[in-house]
Amino acid sequence: MIARIAVASAVFSMDKPFDYRIPDSLTLQPGQRVRVPFGASNRRTEGIVLAVMPDGAERPDGPAFKPVEAALDPEPLLSRAALHLAAFVRERYFCTFYDAVRAILPAGVWFQPRDRYTLAENAAWDDRWRNPAAQAVFQTLQTLGGAAEESALRAQFEAEALQRALQYLRQKKLVTCETSHRRRVNDKTERIAVLAVPAEEARRFAQSHQASAPVQAAAMELLATLGECACKELCYYAGATSATLRRLEKLELLTLREQEVLPPPPPAAAADPKPLLLTPQQQAAYDSLSARLQDASPGTALLYGVTGSGKTAVYLRLIDDCLTAGRGAIVLVPEIALTPQLLRQFSARYGARVAVLHSALRISERYETWKRIRSGDADVVLGTRSAVFAPVRDLGLLIVDEEQEHTYQSENAPRYHAREVAIYRGAQEHALTVLGSATPTVESMYRAVTGAFGLCRITERYNGRPLPPVEIVDMKRELREGNASIISEPLLLALRENLRLGQQSILYLNRRGTSRMLACVECGSVPMCPGCSLPLTYHHANGRLMCHICGHSEPMPARCPVCGGHLRQIGCGTQRVEEQLQNLLPGVGVLRMDADTVSAVNTHEKLFRRFREERIPILLGTQMVAKGLDFENVTLSAVLDADLSLYASDYRAAETTFSLIAQVAGRAGRGKLGGRAILQTMTPQNQTIRFAAEQNYDAFFEAELPLRQLRGCPPYRDLLTVTFHGREEERVWQAALAFRARLDGLLHSEFYRGETAAVLGPAPASVARINYHYRCRLTLSCVNTRRLRELLAFLVREFAKDRSFRGVGAFVDVNGRE
DNA sequence: AGCACGCCGACT
DNA sequence: GTCGGCGTGCTC
């Protein structure tokens, strides 16, 4: 028999199925992983069986197929449906088959390759060979009895020299290498630095090396007070790199050890399940979706319900139906940490049948959960993005809650969009896909109104309360009238009023980009990262300037490096707003919630609980306060800078802004007390902001649609971007230009006549340089057909093989954000 | 990517 | 003779 196999070591430019002979001792099925020899040197690599075929399909000429060496799984790890899904992800998102497989499977199933080197029989060293390093490794192997693991050799030799020596010995046919695969279920660990000398001695070291090695001195000073510290943090505060710490380890001033990172504790136990009473609108939505669920091909439906309309109750009833029919369900949420309520509801209602999947799980936990789903013990899956691949048996229902959230789009390797995968998987497995949102993406609403999706609307809030009135405050006028603060006069009045009434307020700061960068007051220059085209941001905690992308860190200069002027923070972070609030409202409690104050200890949930229980008057924060929970006592919510997200280059800018404003406004007036919202903006006449203030989604949608058509964006066209990157700016741009010429040429040929496509660029990527690598991109605005995707994949393969473009890489993104 | 193979100039 | 560097081609 012959097995058609996707191998792990294939890169994009050579990714295709390879055929192997199945030895008689093995029986293989599609979805099983195997170990196979690959390439001229027959190095062992992992692969996954795609199909098994009878003999006779061998190539007429050419050598015979190599044999499969071993099965790595006793039974298939991926179902046929999952293999199909992997093929979809590969084709749709321009990655290798194995990249797709890696996205689908949990980390716990992966094997770690281990190399073992064995001396050839009667191998002897020839004195004519002049390679002392290789000779030393050879002799070590002899003393070790003729064979050793690479890890054992690594203890005695420096890594790079060892590689060269082994390569040499292999070429001389003195040693052979065998790769075995061992399962790896290791959890996340972090490196801890421990002080190895008395604190006084460490301080003396710090003193005496202040001038000659300031970074080492800073690290030792810190360690002297802390005793031990996570390396990451030590580096952060001292501005050190791991090399610094290794040097200090060599000096025997500190020791390094690995420690397991404990995941956050699971959320509190379940409350009693509440009976689900549906309003007439909820009932109508449920009835229509439930009817679809019975269909042989239920397709996709959009559940559009304003904030607080009770979409969750509809989900739960649908899941009940699905389970009753003996089928499983997957519910995707943007972020688990922000949905503790939902989590509790699920475990209260479905108990042990629920499986929760998200990134904060330990690898082992994640693997156990995955197995529980696969075995059928758990048939309700609640999870983030990657849970869309959960191995649920007989899947009946896929729910994507808050489908407009960008967290559904993966940021690395297969840059898939979980919503799109859910729609495809639903169709493939005859399951109903429900997209839920209070502010649906223009794409989804378009597909709903044009009939591709079903559409259910819930226009009333669950408690029958109206959406809070929204007041727009013109910040330019505030400025003209002499108020340069980020808190406008009307907002200040509203805050004072709320304080008087003992009610709470939520302030949302739309922080992006400019928030923490510095600029010189005199010459206006902005300290930039040396390797990236990004301004450095100031970090209060360590008093250093840091680069978000590459992690570069430098001490905060006392004066402007260009002209010696004063450096000042521009833009407005939450810290600045907090200070301003303290000045305007002395003594009033403010709970700040952003990436700096939320940690493993201070979880979202804890902070939210404090806000609720301690009745802290003001909650101030970024993204996360826009979602969060329902608070009875919150009667005022405000967006401090509604404009900031409007001017991103992304085609979704207006949509995102609308959605955020609607969410923040929806935070107020959830309880009996009613409420109101305030929107501060520099552009009060802006259409998106006006519609958002009116909470008029339909008007926003109608206005946005023609703009999307004009710009050739989704839902009318897809944007396929090819990003080129490399160390030499010239070559990167030349490569992009050459690629464009080739693409243009083919698009104009007879074969592609029927395709609708416009090529734009090359243009610099939004971050034109990252870590000393330049990047630019071509954009193809097109009707996204298989034929065009194949063309693009072909061109990228051709590009990767073309030696004249060496040093320049290229990858494709589909409707990506930057 | 990762590796072998072949060709060339340099060094002993 | 031997080594290392580099360009080329292939992976069932």
Side-chain angles (χ1 to χ4, degrees), chain A residues 1-23 26 28 30 32-71 90 94-99 101-102 113-115 117 120 124-138 150 159-179 181 412-413 725-727 793 796-811:
Chain A
M1 299 286 273
I2 303 296
R4 185 149 283 177
I5 288 168
V7 294
S9 50
V11 292
F12 184 76
S13 62
M14 55 178 274
D15 186 42
K16 58 171 183 171
F18 292 92
D19 290 342
Y20 284 85
R21 204 185 76 238
I22 306 177
L26 281 179
L28 292 178
Q32 247 174 316
R33 288 176 304 169
V34 290
R35 187 167 66 229
V36 291
F38 190 65
S41 62
N42 282 329
R43 72 206 145 88
R44 306 305 144 81
T45 184
E46 197 182 300
I48 193 156
V49 180
L50 302 175
V52 177
M53 310 163 293
D55 299 79
E58 279 100 338
R59 293 168 290 186
D61 45 353
F65 293 140
K66 295 179 187 177
V68 173
E69 195 173 278
R90 172 189 125 100
F94 300 88
C95 64
T96 67
F97 196 92
Y98 236 77
D99 283 333
V101 172
R102 274 185 274 262
R114 286 156 57 105
D115 290 338
Y117 290 89
W125 186 263
D126 188 328
D127 283 331
R128 283 172 301 180
W129 298 329
R130 281 177 299 274
N131 189 331
Q135 190 172 7
V137 173
F138 180 84
E150 191 185 329
E160 221 164 287
L162 177 65
Q163 283 311 313
R164 293 175 78 91
L166 286 169
Q167 179 115 1
Y168 182 90
L169 293 173
R170 239 151 61 161
Q171 196 208 323
K172 287 270 179 270
K173 307 242 185 281
L174 290 172
V175 305
T176 53
C177 172
E178 271 173 75
T179 308
H181 291 82
N412 32 39
H725 57 97
R727 209 170 281 270
V796 172
R797 289 200 172 94
E798 185 185 73
F799 178 88
K801 285 176 191 157
D802 191 329
R803 279 170 219 292
S804 60
F805 298 130
R806 241 178 331 182
V808 183
F811 62 87

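Treat the numbers as computed from the prediction; the structure is a model and nothing was measured.
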Any side-chain heavy-atom pair of A/Phe18 and A/Lys66 under 4.5 Å: no

Rounded distance in Å - CG (A/Asp19) to P (C/dC12): 11 Å

Between C/dC12 (C1') and A/Met1 (CE): distance, integer Å: 17 Å

Sidechain-backbone polar pair: A/Tyr20 side chain, A/Val49 backbone, donor-acceptor under 3.5 Å: no

Steps toward side-chain contact (heavy atoms from CB on, under 4.5 Å) verdict (A/Tyr98, A/Ile48): CA-CA 8 Å; A/Tyr98 236 77; A/Ile48 193 156; 3.8 Å; yes

Test applied, side chain to side chain contact (heavy atoms under 4.5 Å, CB included); reference residue, A/Val7; option that passes from A/Asp15, A/Val36, A/Val34: A/Val36

Distance, rounded to the nearest Å, where A/Asn42 contributes CG and C/dC10 contributes C1': 13 Å

Protein-nucleotide distance (A/Asp99, atom CG; B/dA1, atom P), rounded to Å: 13 Å

Length of the line joining A/Tyr98:OH and B/dG2:C1', which is rounded to integer Å: 18 Å

Integer-rounded Å distance: C/dG5 C1' and A/Arg164 CZ: 10 Å

Mutual orientation of the aromatic rings belonging to A/Phe805 and A/Phe799 [parallel < 30°, tilted 30-60°, perpendicular > 60°]: parallel

A/Leu50 and A/Phe97, any side-chain heavy atoms less than 4.5 Å apart: yes

Sugar-phosphate or base contact per nucleotide [nucleotides 3-12 of chain B; S, B, -; heavy atom under 4.0 Å]: SS--------

Sequence-distant partners of A/Phe138, ring-ring contact (aromatic ring centres under 6.0 Å, His included), two or more places apart: A/Trp125

Closest to side chain of A/Val11, choosing from B/dA1, C/dC12, C/dG5: B/dA1

Whole-Å gap separating P (C/dT2) and CD (A/Gln135): 15 Å

Nearest-angstrom distance from the residue atom CZ of A/Phe811 to P of B/dA1: 14 Å

Any A/Tyr168 side-chain N or O less than 4.0 Å from OP1/OP2 of C/dC3: yes

Nucleotide of C/dG9, C/dC12, C/dG4 approaching A/Arg803 most closely (side-chain heavy atoms): C/dG9

